[in-house]
Visitor: 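Before anything else, here's the structure in question.
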Amino acid sequence: MAVSLALPSATEALAESLIGCVLVRESREGLTAGRIVETEAYLPGDPACHAYIGKTARNATLFGPPHRAYVYLIYGTSYCFNLSSERDGEGAGVLVRALEPIEGLALMQHRRGIEAARDLCRGPGRLCAALDIDRSFDGAELFTRERLWLEPGQPQGKVRRSRRIGLTRAAHRRLRFYEAGNPFVSGPARLSPS
DNA sequence: AGGATGATCGTCT
DNA sequence: GACGATCATCCTC
């Protein structure tokens, strides 16, 4: 009998290894940064992935080289920040869903119009607002140490996995990764690993 | 040119 | 838990 034992794709491995890395945003207003505590993988051939419909003007970055910023507007109100993840020509990416704020809290509070630290970057739209990330970052390199970049880091404790959040298609796939026990992780508390 | 869609968020009950 | 805001994008005339 045929058994499919595919290794985790590059996208899946990236989504997991991004937990603990630090996203830094430098602007005229000041520096803001946070530890990545939650991600979701969107794989090649995945009906929930923006690349699924083929290459378009919006999703072109997903088909480019890996580790570029893919930023899009959702519901006309919120930006979502992703990394392209597969080799040039293949469309896939990783959504960053939540950060633990570590620098520039006051600026984040100002941009978000709220005080509570826990809510500043808990959710993909919120973290983009807190770091002032918009579509102008789409396609940007993330290792340039200019405007927006990523620094290596390790998770504090276990990285767990669950179903993805908020999708209308293929939500059942367990492609969400988060740092166990971290209060800055988004999503309903009941979304435990199993 | 017009309609449907959406990886969200804040507000309300 | 439910609902509406709001608009870039894509698809179909």
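Chain naming here is simple, since letters A, B, ... match the order of the sequence lines and numbering starts at 1 in each.
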Visitor: Is there a side-chain polar atom (N or O) of A:R122 under 4.0 Å from OP1 or OP2 of B:dC9?
Guide: no
Visitor: Base, sugar-phosphate or nothing for A:A57? Non-hydrogen atoms, less than 4.0 Å.
Guide: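 Sugar-phosphate, no base atom in range.
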Visitor: Mapping A:R126 and A:H50 onto DNA chain B by nearest heavy atom, which one lands closer to the 5' end?
Guide: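 Upstream on the strand: A:H50.
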Visitor: Has A:R112 got a side-chain N or O lying under 4.0 Å from the OP1 or OP2 atom of B:dG10?
Guide: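 Yes.
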Visitor: Starting at atom CG of A:L167, determine the distance to atom P of B:dA7, rounded to an integer number of angstrom.
Guide: 6 Å
Visitor: Classify A:G76 by what it touches in the nucleic acid, base, sugar-phosphate, or nothing, heavy-atom distance under 4.0 Å.
Guide: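 Base, at least one base atom sits under 4.0 Å.
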Visitor: I need the CG-C1' distance between A:L127 and B:dC9, as an integer number of Å.
Guide: 13 Å
Visitor: Hey, are A:D46 and A:R164 close enough for a salt bridge, meaning a charged N less than 4.0 Å from a carboxylate O?
Guide: yes
Visitor: Can you find a side-chain donor-acceptor pair between A:R97 and A:S186 that sits under 3.5 Å?
Guide: yes
Visitor: Mind pulling the stems DNA chain C is in, i.e. runs of at least three Watson-Crick or G-U pairs, everything under 3.5 Å?
Guide: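 Ordered by first number, the stems with DNA chain C (at least 3 consecutive pairs each) read B:1-6 with C:7-12, B:8-12 with C:1-5.
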Visitor: Check the distance between C:dT9's P and A:L62's CG and give it to me in whole angstrom.
Guide: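 Atom CG in A:L62 sits about 14 Å away from atom P in C:dT9.
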Visitor: Where the side chain of A:Y75 is concerned, which of B:dC9, C:dC10, C:dT6 is the nearest nucleotide?
Guide: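 Among B:dC9, C:dC10, C:dT6, the one nearest the side chain of A:Y75 is C:dT6.
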Visitor: Name the closest nucleotide to the A:I74 side chain, picking from B:dT8, C:dC7, C:dC11.
Guide: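 The nucleotide sitting nearest to the side chain is B:dT8.
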Visitor: If you only use heavy atoms from C-beta on, which nucleotide in B:dA7, C:dC11, B:dT8 is closest to the side chain of A:T168?
Guide: B:dA7
Visitor: Check whether any side-chain heavy atom of A:Q109 lies under 4.5 Å from a side-chain heavy atom of A:I114, and answer yes or no.
Guide: no
Visitor: Please confirm whether the shortest side-chain N or O distance from A:R135 to OP1 or OP2 of C:dT9 is below 4.0 Å.
Guide: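 Checking C:dT9 against A:R135, a side-chain N or O does come within under 4.0 Å of OP1 or OP2.
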Visitor: Whole angstrom is fine here: how far is it from CG in A:D119 over to C1' in B:dC9?
Guide: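 So the two atoms are 11 Å apart, to the nearest Å.
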Visitor: Nearest whole Å is fine: how far is B:dC9 P from A:Y79 OH?
Guide: 14 Å
Visitor: Which part of the nucleic acid, if any, lies within reach of A:L73 when heavy atoms closer than 4.0 Å are counted: base, sugar-phosphate only, or nothing?
Guide: sugar-phosphate
Visitor: Would you confirm whether the ring centroid of A:Y70 sits within less than 6.0 angstrom of the ring centroid of A:Y72?
Guide: yes
Visitor: Starting at CG of A:L18 and ending at P of B:dA7, how long is that distance when rounded to a whole Å?
Guide: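 Nearest whole value for this atom pair: 20 Å.
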Visitor: Check A:K158 with A:E179, please: is the shortest side-chain N to carboxylate O separation under 4.0 Å?
Guide: no
Visitor: Do A:S162 and A:Y178 come close enough that some side-chain heavy atom pair is under 4.5 Å?
Guide: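 Touching, per the 4.5 Å side-chain cut-off.
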Visitor: In plain terms, say whether A:R122 and A:E38 are close enough for a salt bridge, that is, a side-chain N and a carboxylate O under 4.0 Å apart.
Guide: no
Visitor: Can you find a donor-acceptor pair, distance only, under 3.5 Å between A:Y72 side chain and C:dA8 base?
Guide: no
Visitor: Ignoring backbone atoms, establish whether A:R169 has a side-chain N or O less than 4.0 Å from OP1 or OP2 of B:dA7.
Guide: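 Negative; the distance criterion is not met.
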Visitor: Check the distance between B:dT8's P and A:F81's CZ and give it to me in whole angstrom.
Guide: 16 Å
Visitor: For the side chain of A:T77, starting at C-beta, report the closest nucleotide among B:dT8, B:dA7, C:dC11.
Guide: B:dT8
Visitor: Between A:T32 and A:E103, is there a side-chain donor-acceptor contact under 3.5 Å, judged purely by atom types and distance?
Guide: no
Visitor: Whole Å only: how far is the CD1 atom of A:I53 from the C1' atom of C:dA8?
Guide: 13 Å
